[in-house]
Each structure stands twice: as structure tokens, then as C-alpha cells.
Amino acid sequence: MGHAPRFSLWSLARNALNHHADWPQQWRDAAPKPSYDAVIVGGGGHGLATAYYLAKQHGLGRVAVLERGWIGGGNTGRNTTIVRSNYLWDESAHLYEHALKIWENLSDELNFNVMFSQRGVMNLAHNLHDLRELSRRAHANRLNGIDCEILTREEVAAFCPGLDVSASRRFPIMGATLQRRGGTARHDAVAWGYARAADALGVDIVQNCEVTGIRRDARGVVGLDTTRGSIQARKVGLVAAGHSSVLAAMAGFRLPVQSHPLQAFVSEPLKPVVSCVVMSNAVHGYISQSDKGELVIGAGIDAFNSYAQRGSHPVIEDTAAAIVELFPQFSRVKLMRMWGGIVDVCPDASPIIGKTPVPGLFINCGWGTGGFKATPGSGHVFAATIAKGEPHPLAAPFALDRFSTGALIDEHGAAAVAH
Amino acid sequence: MLLIRCPYCGDRDEIEFAYGGQAHLARPAPPAAQSDAEWGAYLFLRDNPKGVFLERWMHAQGCRRWFNVARHTVTHEILAIYPMGTPMPDVALIAHQARGLMGGAR
């Protein structure tokens, strides 16, 4: 079959005149073949990006992405779309900055508008400790070549005029850090853009295909059992976020991750009022405004383990209270939708990328509450890891064995509430 | 929100409790005799079942006592509550009884 033609001003104009009635299908709804060179389990942004880079940069001809539901229907479509790279430690800073650099050209590369908007990400400080911690992180970022500015209270007010910076607040704003290159992207478009581009390179995107078993012999992984039949593959990448432990159990090993609900919600659409991304670890919330005008709001995980894509109401209440502390004028804004995703949280708030105890079986998980921002970089380094059989240099510190060597990458400060 | 029956105080809202993660973790002894892999497994590897999970809760805003709970991680249904220090119950049996309960309810 022919692949979807490239988008252009001409194609947009022609389809507009035709009331958008005959856009072609943008990717095939593939049926699984009996065998592949590499199979990616999980059709979220990370999995689709991995498949795209396997085909694009490593020349693997027969690649499939297996998704048990529909692509982008898990955490890719459930996050608050924040993109930034202001992490503390060198390992994370390099990894997330790698992703941010890919974001900056992603729409061009995929010929698909992922609506990446570098509107700036501001992390607020509400006390002296926050100021010290944030300035430490800002300096660490700058030493790693990542843009990060330290703002005074007056500069915060000028950059985001809606914020209440008055000293009489219960948690007064004393300053902030600002990463101007950070911002937001359209989450669905990331999944669709990678799916379309991967499909054009011959990747089979197989939906409604749940993995039920991982088959192995003495040499390593040999294939998968799925709800749509058995598939042979000597290279398998698990990119299943909250369900990573379930897949690991099928392959006979355990992970240090715990699955938790992470909730988010959006308000009714408003006129433009929040010009950037505002995050606060101290009052425990973050907010941005979508292009439709909805306030997009999130906070921390529900404490208990869960595989249900829903959480408890007190978390929503606490999050709303945090946002009203920052923006008192939002106290009567109506919320339209709330939802939850299942995030796989690691003890050190850093991901796991690399080999597993089973040869040929690779894993990319543990992104916890903040994986969306890393999507392109995660896929890029994971594809290299799968193709070469050895970790990409940026992925190497994130190997599973760090939980026995002790070389943890503790990013709770950069990742805690922040996403 | 979960409604949790504290064995000492009765039914209370989830917000009164602190979560303690997986129950029945035994600290290997002596620690110095463990390999890095064994010690790392004790520190970091955890069960994360999609199904019945044996976990610890503490009634933080009440009696401040710990207890164990068997809870289903998809339905959030609390299937058993039992004191700290009691042997690990049969998860398969609890899961089987839960299926019976849920089938009966329909």
C-alpha cells in the first residue's frame, strides 16, 4: 500500500476546500506477522519512538509495535504535556537535554506538527530552602549547558502576571528558576506523528494485541505469545510503563518499580491567562494552559499501588488547593475532566533503560511521573540499545544493575511533584 | 477514596492512613554476609502484582498502629485485614474468595 503523503501548505489548503472529507489513512492498522527482527511491547510515545528510530537510524527492516489497547491511549494521552530538561545530576541532565534537543526539531523531522511550544517552565521557590535548592539545580544545569535562569519575585510577576506574588500569601513566592526552552507539546500528536513516520518506514503498528507470555530458550528470548497469536523475535523491547512489572514477571525477573495512579484534570476553557508552565514543589502542583484555553493541572501520585486508571479524591482536592494558592482568581473556575494513568515509579525517581537478565530482552520503564518530556530521547537511546545489544552511552547509567551496585541517580528533587 | 477498617478504631477514610508498601519483607541476616545482588533485592525489588497485593497501612491520624491489608490493585477492594506479625496468608485463596464475592454480587 502507498504511504500517507507529506503534509504541506498545499495539502492543507486542498483538504480545507474539500471540508477535510478525504484525508487518507495516516498509518496502517497492521495485523501481526509470524516473525520480526525486533518487537516493541507498548504503543505509547516511547515505544513508537523506539520503533521509529530502529527503522530510521538502525536499518531494521522488520519491526513491530504491539499495543494492547490503542496507540497513545495510556500515559501518553494522560499526562500534562510538560517538556523540560532541568534535572540535577549529570546523567539525567544529559538524557533529558538530549530529548529536548530532539523536541526542538521534531515537527520537521516527523512532518507532523507536535505543537511544541517553548513557553518557558518556571519552578517556584516559597522559602529559603527552596531558593537554595533551586539555585543549586540552576547552576548544575548551566554547568551542563542547559539554559536556566534564577528569577527574583518581581521578575516572576513580570514573566507570569497571573501569579499572586504578594508577601501576604500563606506560601509567599520568593523567586523561581526559569527554563525558557522548556514548555509543552501536544501529547496525542507525538504518538500519532511517530506512528505515521514509523509506519512510512515499514514498521507494523499492531493494536488490540496484548502480550500474554514471553518465550525463551537457553540463548534468550525467542518470541511472544499474544492475544493475536505467537510472534517470533530475537530482540524484544518492553516499553509498557505501569504494566512493566507484569511483563517482567512473564520473563521471570522482578523490577524495583511500583505502579501508582497519577491524576490530572483540566478546567473549562478560559482566555489566555497562564503564559508559561508554573510548577511548585512546595505547594504541590503544576499548571499550564492548553491552546484551547483549558487549565491543565496535575500533582503527585496516589500513595497506594494500583493498576486502575483512577485515584482518590483527596489528591484532586489538595492539587486544586495548591493551584488556588498560586492563582487565587481560579477559585471559581469549573473543572471539566479528571483522569488517572498508571505510572511506574522507581526508588530513585529515574528511569530504567537497558538490558534485562534475559538475553535479547530489553526494558525501558520506571519513568514514573515524568516520562512524556523524554519521549524522543528515550526512544532514540533505547533503539540504539536494542539495535547494538549494548547500552547507548546516555542510557548506560540507567541500567537495571544500578540497584545492586548502588549507583542510584536520585532525582526526587527535580522530579517530585514536577513533571 | 478507600474506606479502610482499622482493626483498632473501625472504618475510617483513607486520608487518615499512611501507606507502607509491600508487607512481609524480611531483612536478611547478617547483612554483611549478603551479596550486592541479594542486598539490592532486599532494598529495592518489590512485588507489584496486578491483582491481590499484601501491603502495610498505618492509622497515622488515629491510633498510629500498623496493620496488614490484602487489597486488589485493580478493583481497590480490601479483601482481608490482619495484624502485623501474622504469617503471610494464602494470596491465591484470597483471590479465589474475592472472585466468588464479586460473582455473587452480580
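Heavy atoms only: backbone and side chains are in, while hydrogens, waters and symmetry mates are out. Residue numbers begin at 1 in each chain, while the letters A, B, ... track the order of the sequences.
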Item to check | Segment of D47(B) engaging chain A (4.5 angstrom heavy-atom cut-off) | outcome: both
Next on the checklist: Does R65(B), at its CZ atom, have more than 12 non-hydrogen atoms belonging to other residues, nucleotides or ligands within less than 6.0 Å?
Outcome noted: no
Checklist entry - Sub-3.5 Å donor-acceptor pair from the side chain of Y307(A) to the main-chain atoms of T75(B), do we have one? => result no
Item to check | Engaged part of F44(B) at the chain A interface, taking heavy atoms whose separation is under 4.5 Å | outcome: both
Item to check | Geometric class of the W57(B)/F304(A) ring pair [parallel <30°, tilted 30-60°, perpendicular >60°] | outcome: tilted
Checklist entry - Have S259(A) and N48(B) got a donor and an acceptor in their side chains that come within less than 3.5 Å? => result yes
Item to check | Which atoms of I316(A) approach chain B - backbone, side chain, both or neither, heavy atom under 4.5 Å | outcome: neither
Next on the checklist: Show the nearest heavy-atom pair for residues R254(A) and R46(B), with the distance to one decimal.
Outcome noted: NH2-C, 3.5 Å
Item to check | Heavy-atom pair count under 4.5 Å with chain A, highest-scoring of E38(B), E55(B), R71(B) | outcome: R71(B)
Item to check | Whether over 12 other heavy atoms sit under 6.0 Å from H313(A) NE2 | outcome: no
Item to check | Pairs of heavy atoms under 4.5 Å with chain B: top-ranked of S306(A), G311(A), P347(A) | outcome: S306(A)
Checklist entry - Which bit of L2(B) comes within less than 4.5 Å of chain A, counting heavy atoms only: side chain, backbone, both or neither? => result both
Checklist entry - Can you name the closest pair of heavy atoms from R310(A) and H76(B) and give their distance? => result O-CE1, 3.8 Å
Item to check | Interatomic spacing from CE in M1(B) to CD in E317(A) - rounded to 0.5 Å | outcome: 8.5 Å
Checklist outcome for this item: Heaviest contributor of heavy-atom pairs below 4.5 Å to chain B, chosen from V257(A), V315(A), N305(A), I342(A), is N305(A)
Next on the checklist: So for L45(B), is it side chain, backbone, both, or neither that comes closer than 4.5 Å to the heavy atoms of chain A?
Outcome noted: both
Checklist entry - Nearest heavy-atom pair of S404(A) and A37(B): which atoms, and what distance? => result CB-CA, 3.9 Å
Next on the checklist: Please rank D401(A), D348(A), V246(A), L255(A) by heavy-atom pairs under 4.5 Å with chain B and give me the top one.
Outcome noted: L255(A)
